[in-house]
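Below is one structure, written out as structure tokens, with a few remarks after it.
Along the sequence shown, the residues carry numbers beginning at 1. Side chains included, hydrogens not; waters and symmetry mates left out as well; all remaining heavy atoms used. Order of appearance sets the numbers: ligands from 1, and atoms from 1 within every ligand.
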Amino acid sequence: MRTKIVAGNWKMNKTASEAAALIEGIKKEVAGISKVEVVVCPPFTDLKDAAAACAGSNVALGAQNVHWEASGAFTGEISAAMLKDLGVTYVIIGHSERRQYFGETDETVNKRTKAALAAGLIPIVCVGETLAERDAGQMESVVVRQTKAGLADLGDGLKKVVIAYEPVWAIGTGRTASPAQAQEVHALIRRTLAEISCGDTANTIRIQYGGSMKPENAQELMSQPDIDGGLIGGAALKADSFAAIVKAGV
Ligand code: PGA
């Protein structure tokens, strides 16, 4: 059985003090929940205060990106060891906004994923097609390519990875994939994982859905056989809506 995992992707929202306050609110709402893993991913500048707020609770901390090099002349970048040292457990890699606005490629996703695993972080690797790709009948080829390339050559590390399927047309648009549409792609991703791994690995990897997930649709989405949680943007910025999604997964 896969333990569901609900993660809040805060994107470029919340100052450090706002982050601490939001985490306090989330902690109260989700106290005692152990059936669903709860993760918050604030901006880098919030992580230290966020780690203090998460300490001793069932809310784990994630970051939104990581560089692949360990250290050196890479102005503006953050290494996996820096995140680990702050108490970060998870890191989002290859979010579609990074692919769209910041030149992220399947190759850099793979490098970041390897660096995260090497430092003991758990990568949340994002895949998903754009509307143009879906309309052109390319959903399957895009998702399979992103999955295979992003997760290439991870060895045993693959077992630790979390995948987030986020159709780009559903992110921040209010237009959610239907449970059947999402399940179809999640099953495709799991079949792809079976191709690139051995044993039972493909059945143990968690695949989150992301894209306008909210309290109203979370339960139906997460009750699909291959949907193991959510990566939540807008609805993660308020304690009550985020907690309602977590509870929908219990
Ligand atoms: P959304 O964002 O929930 O606001 O659609 C999801 C994401 O981008 O991870």
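- Under a 4.0 angstrom heavy-atom cut-off, Gly211 registers as being in contact with ligand 1.
- Between Ala235 and ligand 1, a contact under 3.5 Å exists for no N or O pair.
- Looking only at side-chain heavy atoms (C-beta outward), Met222 and Ile245 come within less than 4.5 Å of each other.
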Would Gln183 and Asp226 count as a side chain to side chain donor-acceptor pair (under 3.5 Å) if you check the C-alpha gap in whole Å, the side-chain angles of each, and the deciding distance to 0.1 Å?
-> CA-CA 6 Å; Gln183 166 58 27; Asp226 288 294; 2.8 Å; yes
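- Residue Ala170 places a heavy atom less than 4.0 Å from ligand 1.
- Judged by the shortest distance from any of its heavy atoms, Ser212 lies inside the 4.0 Å radius around the atoms of ligand 1.
- Between Leu193 and Ile163 there is a side-chain heavy-atom pair separated by less than 4.5 Å.
- Using a 4.0 Å cutoff on heavy atoms, Lys11 counts as a contact of ligand 1.
- Inter-residue side-chain proximity for Glu24 and Lys27 is flagged as met; some heavy-atom pair is nearer than 4.5 Å.
- Residue, atom and distance of the protein heavy atom nearest to atom 4 (O) of ligand 1 are Gly234 N, 2.8 Å.
- Listed by number with element, the atoms of ligand 1 under 4.0 Å from a non-hydrogen atom of Gly172 are 1 (P), 4 (O), 5 (O).
- When each of Lys148, Lys111, Gln146, Arg145 is paired with Asp106, the side chain to side chain donor-acceptor pair (under 3.5 Å) condition holds for Arg145 and for no other.
- Residue His95 approaches ligand 1 through these ligand atoms, each under 4.0 Å from one of its heavy atoms: 7 (C), 8 (O), 9 (O).
- Proximity of Asn9 to ligand 1, defined as any heavy-atom pair under 4.0 Å, is confined to the side chain (atoms from C-beta onward).
- Considering all non-hydrogen atoms of both residues, Pro123 and Leu117 come closest at CD-CD2, 3.6 Å.
- In the model, Ser96 has no side-chain atom that pairs as donor or acceptor with a side-chain atom of Gln100 under 3.5 Å.
- Nearest protein heavy-atom contact of atom 3 (O) of ligand 1 is Gly233 N, 2.9 Å.
- Defined by atom type and a distance below 3.5 Å, a donor-acceptor pair is missing between the side-chain atoms of Ser141 and Gln138.
- Scanning the protein for heavy atoms near atom 7 (C) of ligand 1, the closest one is Glu166 OE2, 3.1 Å.
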